[in-house]
There are 2 protein chains.
Amino acid sequence: MSLSTAITTWGNTHFALGNNGRSRFSSHGFLLPNLKIKFYTNNPSPLSISALLTTKQQTDESKNKKKQAMEFNEYVLEKANSVNKALESSVLIKDPVKIHESMRYSLLAGGKRIRPMLCIASCELVGGDESTAMPAACAVEMIHTMSLIHDDLPCMDNDDLRRGKPTNHKIYGEDVAVLAGDALLALAFEHIATQTKGVPSHRIVRVIGELAKCIGAERLVAGQVVDIISEGISDVDLKHLEFIHLHKTAALLEGSVVLGAILGGADAEEVEKLRKFARCIGLLFQVVDDILDVTKSSQQLGKTAGKDLVADKVTYPKLIGIDKSRDFAEELNKEAQAQLAGFDQEKAAPLIALANYIAYREN
Amino acid sequence: MSLSTAITTWGNTHFALGNNGRSRFSSHGFLLPNLKIKFYTNNPSPLSISALLTTKQQTDESKNKKKQAMEFNEYVLEKANSVNKALESSVLIKDPVKIHESMRYSLLAGGKRIRPMLCIASCELVGGDESTAMPAACAVEMIHTMSLIHDDLPCMDNDDLRRGKPTNHKIYGEDVAVLAGDALLALAFEHIATQTKGVPSHRIVRVIGELAKCIGAERLVAGQVVDIISEGISDVDLKHLEFIHLHKTAALLEGSVVLGAILGGADAEEVEKLRKFARCIGLLFQVVDDILDVTKSSQQLGKTAGKDLVADKVTYPKLIGIDKSRDFAEELNKEAQAQLAGFDQEKAAPLIALANYIAYREN
């Protein structure tokens, strides 16, 4: 599903909420569901609900979906534009030129900006505005970029291609790439501490504590380490795999959403609901990543495809097959969106659509 | 000079202040002085001031110095003990065990804890107490440890020995070493944000902004990058060398002192004086490091000696010779201590003694 055509749930949570508000989420993680729900398809079965609609209803729904898709598309373009502008001015070319160029090379390499968007959308959901969340939104993208630069190093994943371009160390050398990552990590905290305006200081301190925790040795780095250790081990089970994904990917997505929520003034209950939402879409993100790695080409992905297979990494498709992986992705998306049920549905629309985008993206 | 024997200026600033309060410091850095002042020696010349003292005066002064040395020694032992305890409990062995072990391996490897001590002493100087500064004191040591782990990597300095032990990547592998550094960097900010007690939030935010800035692409990382770029270049001049040292080493020492000052409630003028003090001792630290690298053995240093020569790095001894390097170190120490003239001299004693320790250390 591309951003511009198939977002069908903008402003329509009923499509996604089929779980009666019950939560399968627990602090111990997720269990793989025995699902009957089928993965999203552009060719609905003749027995599907849509097949029972009248032509008039179909036309109305089609128009409505198109309108929603256009609105979401506009939202994404507008936010990506704001985020890119903010990122562009967050790292200027200064002395020493090489390190700043290296940081900009990866930071401005045209990522999807999902994390900043989640941060801003979460802030707006609870009544905050874009400008309040923007420094934190930039910070999570800086952290994400740092983790990619370091992950791509020869001593880590040894990747030559990222977002369709040579990886940072291929251009600037390994030493500068290590330092560019370090500098981006530091800049993330500097940016939040010095650029966040109109928010009580105690909230900024809390946000910094949250962000730092979610990238540390018990979260993001934990996921990276266990991922590294697990390479070549044949008996990795689902629980182990879920640990990796919940930490390596979900942690920073969780941070993105929670930071936005805190900055926007969410109460404790709202923060926890959004945290659960974020964990679901975080795991979802990685399950989809696993699926894309075996179903798409390098050109389609903008990065080396099939590398999980080459590295003999354990993935959802490897453990349970592609179909069940897709079922699990669908269930996680529903679970995520169930967390948003208590919020103003109009304001929740961007998060719902972002979850769908993560579920149905093609690269 | 060892910590336990030759600290002669504890509580005695007159020894060190010979500059009439004038400051040679400027925002553009330092100029190499044309000094007549000789470097510290345990064998004073017959023409030195001490040679003119009467036997009674000598005995009194000797007793006084011994007392000061003992007091400073006690101070250092007490603070190092507190810092080590705090560091010990800041990273416990948790899952994933390997990354936490790797972090602890380097963090608890018995460094001199100069940065944490500067942070605490600065906080105490302006009326704060040890516990207020301790999370920040631990944080600067975490950052320092991170920079050492990453600096030692094969793609950087490629060092096998650090603090007398194999470097982190020699034990845990390069991939885990990169991640241990990242995790320590994140933990530093988490620690300040979540563990600092009894300080208004706006001060904590300011402290985090200061720390992040001093380790970023315009300070610590800037120094590391320019240092790397400069290797093998033959026409590096003093200004260039000073840039490296002021950024690679002085930045974090400055951060240590300034963080303590802010947390302790220093006013703007006090912060700026202490910032200048820290820059002086930061440059001093590196000038002395350069000297030690060519005058001591690996065993004496606890790290590979002579590596600057092997790497053909530009150092003060290489540019101006060892004697003039020592003169410069002496002048920087005086300049540093001149910044402390306006403070309560009893409370300033630890910082004065720490500056002397940095100037006269033997490893």
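Reckoned from all heavy atoms, side chains included, excluding hydrogens, waters and symmetry mates. The structure presented is a predicted model; accordingly, all values stated were derived computationally and were not measured. Throughout, a chain's letter reflects where its sequence line sits, starting with A, and its residues are numbered from 1.
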**Student:** Measure across Gly209(A) and Glu190(B) and return the closest heavy-atom pair with its distance rounded to 0.1 Å.
**Tutor:**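 Answer, listing the atom of Gly209(A) first, then Glu190(B): O-CG, 4.2 Å.
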
**Student:** Do the side chains of Ile228(B) and Leu179(A) get nearer than 4.5 Å, heavy atoms only?
**Tutor:**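 Leu179(A) reaches Ile228(B) side chain to side chain.
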
**Student:** For the residue pair Asp175(B) and Cys155(A), what are the closest heavy atoms and their distance?
**Tutor:**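 Smallest heavy-atom distance, with atoms named: CB-O, 3.2 Å.
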
**Student:** I need the residue from Ile192(B), Asp95(B), Val178(B), Val207(B) with the largest number of non-hydrogen atom pairs under 4.5 Å to chain A.
**Tutor:**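 Looking at each option in turn, the highest pair count goes to Val178(B).
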
**Student:** Among Val221(A), Ile204(A), Leu220(A), Asp151(A), single out the residue with the greatest number of heavy-atom pairs under 4.5 Å to chain B.
**Tutor:**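 With the most close heavy-atom pairs to chain B, the winner is Val221(A).
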
**Student:** About how many Å separate CD of Glu218(B) and CD1 of Ile99(A), when rounded to the nearest 0.5 Å?
**Tutor:**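 The CD atom of Glu218(B) is 11.5 Å from CD1 of Ile99(A), to the nearest 0.5 Å.
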
**Student:** Working note: Asp182(A) + Asp182(B), criterion side chain to side chain contact (heavy atoms under 4.5 Å, CB included); need CA distance, chi angles, decisive distance, verdict.
**Tutor:** CA-CA 7 Å; Asp182(A) 294 348; Asp182(B) 294 349; 3.7 Å; yes

**Student:** Under a 4.5 Å cutoff for heavy-atom pairs, which residue among Ile208(B), Thr194(B), Leu211(B) has the most contacts with chain A?
**Tutor:**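 Option with the greatest count: Ile208(B).
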
**Student:** Between Leu185(B), Ile143(B), Val91(B), Leu187(B), who has the most heavy-atom pairs with chain A when the cutoff is under 4.5 Å?
**Tutor:**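 Heavy-atom pair counts peak at Leu185(B).
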
**Student:** Assign the ring pair Phe189(A) / Phe189(B) to parallel, tilted or perpendicular, where the plane angle (0 to 90°) is split at 30° and 60°.
**Tutor:**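 Rings of Phe189(A) and Phe189(B): parallel, as their planes differ by under 30°.
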
**Student:** For the interface with chain A, which of His150(B), Met103(B), His202(B) has the highest count of heavy-atom pairs at distances below 4.5 Å?
**Tutor:**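 The answer is His150(B).
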
**Student:** Can you tell me if Lys213(B) has over 12 outside heavy atoms packed within less than 6.0 Å of its NZ?
**Tutor:**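 Open: at most 12 neighbouring heavy atoms sit under 6.0 Å from NZ of Lys213(B).
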
**Student:** Can you tell me which portion of Lys98(A) sits under 4.5 Å from chain B's heavy atoms? Options are side chain, backbone, both or neither.
**Tutor:**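 Interface part for Lys98(A): side chain.
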
**Student:** Which bit of Ile229(B) is near chain A, if near means a heavy-atom gap under 4.5 Å: side chain, backbone, both or neither?
**Tutor:**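 It is the side chain, since no backbone atom gets that close.
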
**Student:** Quick one: what part of His100(B) sits under 4.5 Å from any heavy atom of chain A, side chain, backbone, both or neither?
**Tutor:**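 Looking at His100(B), just its side chain touches chain A.
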
**Student:** Can you see which heavy atom on Val205(B) is nearest to which on Ala193(A), and at what distance?
**Tutor:**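 Looks like CG1-O, 3.3 Å.
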
**Student:** Quick check: closest heavy atoms across Ala217(B) and Pro96(A), and the distance to 0.1 Å?
**Tutor:**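 What the structure gives for the nearest pair is O-CD, 3.6 Å.
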
